[in-house]
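Only a predicted model underlies this, so the values are computations on that prediction, with no experimental measurement involved.
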Amino acid sequence: MRTNRCLMIVVPVLCCLITLGCSEQKMADPSEAVEITGVVTLDGKPLRDAEVTFLPADGDPLVGPALTITDSKGSYTMSVNAPRDYKITVDRMTNGGPNPALKEYQGEATSLKAGVSKENTSFDFDLTSSK
């Protein structure tokens, strides 16, 4: 009898917790994806083999980052999951680590930004070496 009473309390509580924990989070709508292009230069020269990352400025994990590598002319093309404001990081590994010449464009402290929309899809970045 005591076990039945306990089950009558525990089962509904567990069902509620499972329902709350499994609530559907809506991922970015694939039809909202935007293809973007651009050129990255460093001190006026194309920055080849650089990692360019677009991170949602609001930190939305459901949109997530987009990453690509520049070609020999510093050009890149990628698709971001949704139109919005992005922070951009740029790095090119040297000697197995981050490039010190690009330190102001790496990580959270990056000064690079882009407002991506269906109409605004080209972003060139003319970078200057950090001293």
Between Val52 and Val40, does a side chain to side chain contact (heavy atoms under 4.5 Å, CB included) hold up when you go through it step by step?
CA-CA 9 Å; Val52 180; Val40 180; 3.9 Å; yes

Can you measure from OG (Ser129) to NZ (Lys103) and round to the nearest 0.5 angstrom?
11.0 Å

How far apart are the closest heavy atoms of Glu35 and Thr121, and which atoms are they?
O-CB, 3.5 Å

Between Asp71 and Arg48, is there a salt bridge with N-O shorter than 4.0 Å?
no

Between Thr37 and Phe123, is a side chain to side chain contact (heavy atoms under 4.5 Å, CB included) present by the stated rule, with each step listed?
CA-CA 6 Å; Thr37 61; Phe123 304 95; over 6 Å; no

Consider only side-chain heavy atoms of I, L, V, M, F, W and Y, link residues closer than 4.5 Å, and tell whether Val34 and Phe125 are in one cluster.
yes

Mind checking the CD-CG spacing from Glu108 to Leu55? Nearest 0.5 Å is all I need.
7.0 Å

Are Leu112 and Tyr86 joined in one hydrophobic group, where the rule is that I, L, V, M, F, W and Y side chains link up if heavy atoms are under 4.5 Å apart?
yes

Is it true that Glu32 and Lys118 make a salt bridge, defined as a side-chain N closer than 4.0 Å to a carboxylate O?
no

Close side-chain approach of Val63 to Asp58, heavy-atom, < 4.5 Å
no

Just by distance, do the side chain of Asp124 and the backbone of Gly38 share a donor-acceptor pair under 3.5 Å?
no

With distance as the sole test, does Thr110 use its side chain to make a donor-acceptor pair with the main-chain N or O of Ile88 at under 3.5 Å?
yes

Closest non-hydrogen atom pair, Ala66 against Met78:
CB-SD, 3.6 Å

Name of the residue among Asn99, Thr53, Thr89, Asp91 meeting side-chain hydrogen bond (donor to acceptor under 3.5 Å, both in side chains) with Gln106
Asp91

Grab the two heavy atoms, one from Pro100 and one from Ser130, that are nearest each other, plus how far apart they are.
O-CB, 3.6 Å

Could you walk me through whether Glu51 and Val90 pass the side chain to side chain contact (heavy atoms under 4.5 Å, CB included) check?
CA-CA 6 Å; Glu51 182 179 288; Val90 177; over 6 Å; no

Geometric class of the Phe54/Tyr76 ring pair [parallel <30°, tilted 30-60°, perpendicular >60°]:
tilted

Taking Leu127's backbone N and O only, do any of them form a donor-acceptor pair with Glu104's side chain (distance below 3.5 Å, no angle check)?
no

Minimal non-hydrogen separation, Pro46 against Ser72, with atom names:
CB-O, 4.1 Å

Out of curiosity, Ser117 OG to Asp85 CG, how far, rounded to the nearest 0.5 Å?
10.0 Å

Does the side chain to side chain contact (heavy atoms under 4.5 Å, CB included) test come out yes or no for Ile36 and Thr77, once each step is laid out?
CA-CA 6 Å; Ile36 57 177; Thr77 300; over 6 Å; no

Can you tell me if Thr41 and Asp126 form a side-chain donor-acceptor pair at under 3.5 Å?
yes

